[in-house]
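Hydrogens, waters and symmetry mates are skipped; everything else that's a heavy atom, side chains included, is used. When a residue number appears, it is its place in the shown sequence, counting from 1. All values reported here derive from a predicted model rather than from experimental measurement.
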Amino acid sequence: MPTPARDRRLVAVAPLLVPTTGRGADLHVKVTAPADGSDLPVLVFSHGNAWSMDGYGPLVARWAAAGFVVVQPTHLDARRYGLGVDDPRFPGIWRTRIADLHAVLDHLGDLLEQVPGLPGRADPARVAVAGHSWGGQSAGALLGARVLPPAGDPEEDFRHPAVRAGALLAAPGTGESLTAFAREHLPFMRPDFSTLTTPTLVVAGGRDDSALSTRGPDWFTDAHVLSPAPTRLLTIAEGEHTLGGLAGEAVRETTDEDPERVALVADAVAAYLLDVLTGDGTAWREVEERARRSRVEGGSGVFDVEASPVPAVSRW
């Protein structure tokens with residue numbers, strides 16, 4: 001699988017402001033893009049709990065080097081805002097996160113116009129969303145997943161018409177197995193994947209044993225298993241919740257630091273999205289071939305792909 005050119009020049013601009021209402025704080029975003037190229041697809045990325053547009057540097061840089069314009073909003077749960085579970089905004093923060101992503105997409109043209117050298121080079125018809133952890137639930141809503149309240153009908157449809165594909169990294173599963181703490185403080189962590197209908201790559205760690213669920217690592221595969229969408233599942237056998245350190249080098253949340261694993265995740269996501277958004281499956285086929293070689297040579301990675309209509313399953 002080819003890796004993005006490490007000497008490709010990138011441009012990053014922050015903070016840029018996106019118009020919002022009723023949020024209680026400005027919506028700041030960061031845009032990272034290659035300094036060259038045209039018809040660049042756009043990837044809007046939702047960070048995990050407590051992070052911000054300043055995190056996920058290794059992941060974002062690799063995506064931009066692969067040819068994506070990456071847009072990172074800072075959600076209200078970022079550490080810089082100090083918004084705890086006792087804040088009156090917290091019960092609705094999952095909605096605010098989704099609204100942030102909608103605001104970015106609704107103002108995407110104006111946003112990209114503010115990045116020097118970028119106007120005219122991005123392709124607004126090729127847009128994807130991605131998210132890590134809680135950001136996976138946020139991004140999943142734009143792909144068609146809904147939120148199940150403690151009682152009653154699922155919440156409204158949050159899909160965005162501009163979104164053509166997505167990637168969910170260590171995204172929470174369904175709510176039936178939430179721990180007592182999660183049920184009390186995070187009752188909105190109950191996604192319904194039966195309406196997720198946008199092509200999506202689901203990435204899960206084989207050792208991601210969340211304190212929020214009693215089920216173990218397979219909880220993070222629900223978006224693939226329970227979705228009618230043409231999804232693919234990439235399982236990183238030794239990966240824990242940050243899948244090697246997606247948020248950055250030597251950060252405190254990383255328990256399985258492995259830069260090569262982060263590169264693998266970044267490259268696989270880029271390959272999948274390029275396949276869906278541009279019709280060029282070359283990079284994804286090389287991902288499959290790399291995994292096949294690993295399997296034949298007796299390596300620890302195993303990769304399987306099932307033909308449609310059965311969801312494609314990929315395992316490293």
Side-chain angles (χ1 to χ4, degrees), residues 1-8 34 36-43 45 58-70 123 125-130 139 143 163-171 196-206 220-221 223-225 227-239 243-244 246 258-316:
M1 175 173 54
T3 57
R6 292 188 179 276
D7 59 352
R8 186 172 190 177
D36 63 305
S38 59
D39 299 321
L40 305 173
V42 178
L43 177 54
F45 180 73
L59 191 65
V60 171
R62 208 162 181 95
W63 284 339
F68 287 86
V69 176
V70 186
D123 185 352
R126 294 173 176 174
V127 176
V129 294
L143 299 169
V163 176
R164 292 182 50 195
L168 307 181
L169 317 181
L196 196 160
T197 55
T198 307
T200 301
L201 176 65
V202 178
V203 184
F220 294 97
T221 69
H224 169 71
V225 175
S227 167
T231 63
R232 294 175 186 173
L233 172 65
L234 173 67
T235 301
I236 308 299
E238 301 298 315
L243 300 169
L246 299 182
D258 186 337
E260 292 186 3
R261 190 174 299 155
V262 174
L264 168 62
V265 172
D267 292 349
V269 169
Y272 174 80
L273 294 179
L274 287 172
D275 188 1
V276 176
L277 295 175
T278 72
D280 184 355
T282 304
W284 182 256
R285 287 192 293 272
E286 293 185 6
V287 172
E288 295 177 315
E289 176 59 23
R290 173 180 170 180
R292 187 195 67 78
R293 290 197 305 269
S294 175
R295 185 178 185 180
V296 169
E297 295 167 3
S300 59
V302 177
F303 181 101
D304 295 311
V305 177
E306 298 179 18
S308 181
V310 178
V313 180
S314 313
R315 284 191 173 85
W316 286 91

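- Side-chain atoms of Y272 do not come within 3.5 Å of backbone N or O of W284 as any donor-acceptor pair.
- Legend: residues meeting side chain to side chain contact (heavy atoms under 4.5 Å, CB included) with A171, ordered by chain and number and at least two apart, are L168.
- Closest of all the heavy-atom pairs between D123 and V42 is O-CG2, 4.2 Å.
- Contact between L277 and F68 at its shortest, heavy atoms only, is CD1-CE2, 4.2 Å.
- The minimum heavy-atom distance between P230 and T197, with the atom names listed, is CD-O, 4.3 Å.
- When every heavy atom of T231 is checked against every heavy atom of A223, the shortest pair comes out as CG2-O, 4.2 Å.
- Contacts of T198 classified as side chain to side chain contact (heavy atoms under 4.5 Å, CB included), with partners at least two apart in sequence or in another chain: L143.
- Residue P34 comes nearest to L40 through the heavy atom pair CG-CD1, 3.8 Å, listed as atom of the first residue, atom of the second, then distance.
- Note: D267 CG to E260 CD = 11.5 Å, rounded to the nearest 0.5 Å.
- The pair D36-R8 counts as a salt bridge, with a side-chain nitrogen and a carboxylate oxygen less than 4.0 angstrom apart.
- We find the CG-CZ distance between D275 and R285 to be 7.5 Å, quoted to the nearest 0.5 Å.
- Closest approach of A266 to R62, counting heavy atoms only: CB-CD, 3.7 Å.
- Within the model, atoms CG of L234 and CG of L264 stand 6.0 Å from one another, a figure rounded to the nearest 0.5 Å.
- For the pair V203 and I236, the minimum side-chain heavy-atom distance is below 4.5 Å.
- How far CG of L169 is from CG of L201: 7.5 Å, rounded to the nearest 0.5 Å.
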